[in-house]
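As structure tokens, the structure follows; a few thoughts come after it.
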Amino acid sequence: MGGWAIAVHGGAGVDPNLPPHRQEEAKQLLTRCLNLGISALRSSLPAIDVVELVVRELESDPLFNSGRGSALTEKGTVEMEASIMDGPKRRCGAVSGLTTVKNPISLARLVMEKSPHSYMAFSGAEEFARKQGVELVENQYFITEENVVMLKLAKEANSILFDYRIPAVGLETCSAGASSVEAALQMNGLPISVYAPETVGCVVVDGLGRCAAGTSTGGLMNKMSGRIGDSPLIGSGTYAGKLCGVSCTGEGEAIIRGTLARDVAAVMEYKGLGLQEAVDFVIKDRLDEGKAGMIAVSNYGEVAYGFNTTGMFRGCATEDGFMEVGIWE
């Protein structure tokens, strides 16, 4: 085995005109989460524990779209989803439609470990959370003033808005401005304003070569209530097995169609590709016209990422001392 490795992401599809201070805030958060994971790995925590720990940290910070700071539905509420997978035995847990669970990733793990199921959603998942004694909060806890403003913008544009982190002040200089409407991207044939979903994820391989992956999100700004994306779907947004761990971000509908996360493991297993080769192949050949990104680790301590968007908030570190945090190519 090649030692431990960790990668984190805060979403693919970054607006090219995102203000510098926003970029710096994102890098600082990713660095903090990497250091948290590194410390845990140096303490010999299993990969699955490190994934949960890091994603909880991301969910607790309102900068990205998960937990506190999640995107709002068309009704102005938050519906969150998450999944986690432990590679050695391919155990998994997933949740959708959460409105009061403070850390969705931890409930996903409880589904994996404390229930006979792999996926729970909406009222049933909330009831399970209460029985498990997880921390619950009012839905208002997840809603930020900035997201309320961006939901208003999305409704005025009559579209699903991806990049709700673009500030209202100076909006005309960003891709969410009026000029973007003429060249709007499409999802399932329908227009969207901007491509920058900020789902969060973490993939880890520990010193024993055990891979794990987790993904958490609030979904799309102005999404229909009840919409489920790729993040909680094992094999699409999240996958971990003996060879690798993968977390995806981007256009959920395209990621679902391509079963993107599982495909990385599949081409490694069946085509004999290396980790970075597998990631590059899937991003290039499995997305059709979709936009997405992913992070991955292998059981040999390798780390890889790929995206076909303008950028992707990401960071990675390995046991040999390598560490990198970036946004653009």
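Any value given below was found using the heavy atoms of this structure, including those in side chains, with hydrogens, waters and symmetry copies removed. The chain is numbered in sequence order, starting from 1.
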Distance (rounded to the nearest 0.5 Å) between Arg286 CZ and Asp263 CG: 5.0 Å
Flag side-chain contact, heavy atom, 4.5 Å: Leu260 against Ile255: yes
Sub-4.5 Å side-chain heavy-atom contact between Thr73 and Met224: no
Non-hydrogen side-chain atoms of Ser96 and Tyr119 separated by less than 4.5 Å: yes
Interatomic spacing from OG in Ser39 to CG in Leu34 - rounded to 0.5 Å: 12.5 Å
Asn299 side chain vs Val205 backbone, donor-acceptor pair below 3.5 Å: no
CA sep, side-chain torsions, deciding dist, call: Ser231, Thr215, side-chain hydrogen bond (donor to acceptor under 3.5 Å, both in side chains): CA-CA 6 Å; Ser231 296; Thr215 312; 5.7 Å; no
Side chain Glu329, main chain Gly311, donor-acceptor under 3.5 Å: no
Close side-chain approach of Asp206 to Val50, heavy-atom, < 4.5 Å: no
side-chain hydrogen bond (donor to acceptor under 3.5 Å, both in side chains) assessment of Thr199 paired with Thr217: CA-CA 5 Å; Thr199 294; Thr217 190; 2.9 Å; yes
Rounded distance [0.5 Å steps], CD1 in Ile143 versus OG in Ser70: 9.5 Å
Single-linkage hydrophobic cluster, 4.5 Å side-chain cutoff, Phe64 and Trp328 together: yes
Reported OH-to-OG distance for the pair Tyr239 and Ser247, which is rounded to 0.5 angstrom: 14.5 Å
More than 12 heavy atoms of other groups within 6.0 Å of Arg56 CZ: no
Pairwise side-chain contact, Asp86 with Arg210, heavy-atom cut-off 4.5 Å (strictly under): no
Main-chain N/O of His117 paired to Ser115 side chain as donor or acceptor, under 3.5 Å: yes
Residue pair Leu53 / Leu36, side-chain heavy-atom distance below 4.5 Å: yes
Salt bridge (Lys or Arg N to Asp or Glu O under 4.0 Å) partner of Arg227, the single match among Glu79, Glu253, Glu74: Glu253
Ring-face cation of Arg68 near Phe142 (centre distance under 6.0 Å, axis angle within 45°): no
Matching residue for Phe313 among Leu63, Leu18, Val325 - test: side chain to side chain contact (heavy atoms under 4.5 Å, CB included): Leu18
Trace of the side chain to side chain contact (heavy atoms under 4.5 Å, CB included) decision for Asn222 with Leu72: CA-CA 6 Å; Asn222 199 29; Leu72 305 181; over 6 Å; no
Hydrophobic cluster identity match, Val282 and Val279, side-chain contacts under 4.5 Å: yes
Salt bridge Lys291-Glu251, side-chain N to carboxylate O under 4.0 Å: no
Side-chain donor or acceptor of Thr31 paired with backbone N/O of Lys27 under 3.5 Å: yes
Check: Ala5 main-chain N/O paired with Glu319 side-chain donor or acceptor under 3.5 Å: no
Side chain to side chain contact (heavy atoms under 4.5 Å, CB included) assessment of Thr100 paired with Glu138: CA-CA 6 Å; Thr100 66; Glu138 295 295 325; over 6 Å; no
Flag, side chain of Lys223 to backbone of Gly229, donor-acceptor distance under 3.5 Å: no
Transitive ILVMFWY side-chain link Leu243 to Val246, under 4.5 Å: yes
Side chain Thr259, main chain Arg262, donor-acceptor under 3.5 Å: no
Spatial distance of atom NE2 (His21) from atom CD (Gln28) [nearest 0.5 Å]: 11.5 Å
Side-chain heavy-atom pair Ile234, Arg90 within 4.5 angstrom cut-off: no
Ser216/Glu59 under side-chain hydrogen bond (donor to acceptor under 3.5 Å, both in side chains): CA gap, chis, key distance, verdict: CA-CA 8 Å; Ser216 181; Glu59 289 174 339; 2.7 Å; yes
Backbone of Val54 reached by a side-chain donor or acceptor of Glu57 within 3.5 Å: no
Within one Ile-Leu-Val-Met-Phe-Trp-Tyr cluster: Leu136 and Phe122, side-chain cutoff 4.5 Å: no
Exam field: side chain Asp320 to backbone Phe322, donor-acceptor pair closer than 3.5 Å: yes
Gap between atom CG of Leu58 and atom CD1 of Ile105 - 0.5 Å precision: 10.0 Å
Side chain Arg109, main chain Gly93, donor-acceptor under 3.5 Å: no
salt_bridge(Arg22, Glu146) N-O dist < 4.0 Å: yes
Close side-chain approach of Val297 and Ile6, heavy atoms under 4.5 Å: no
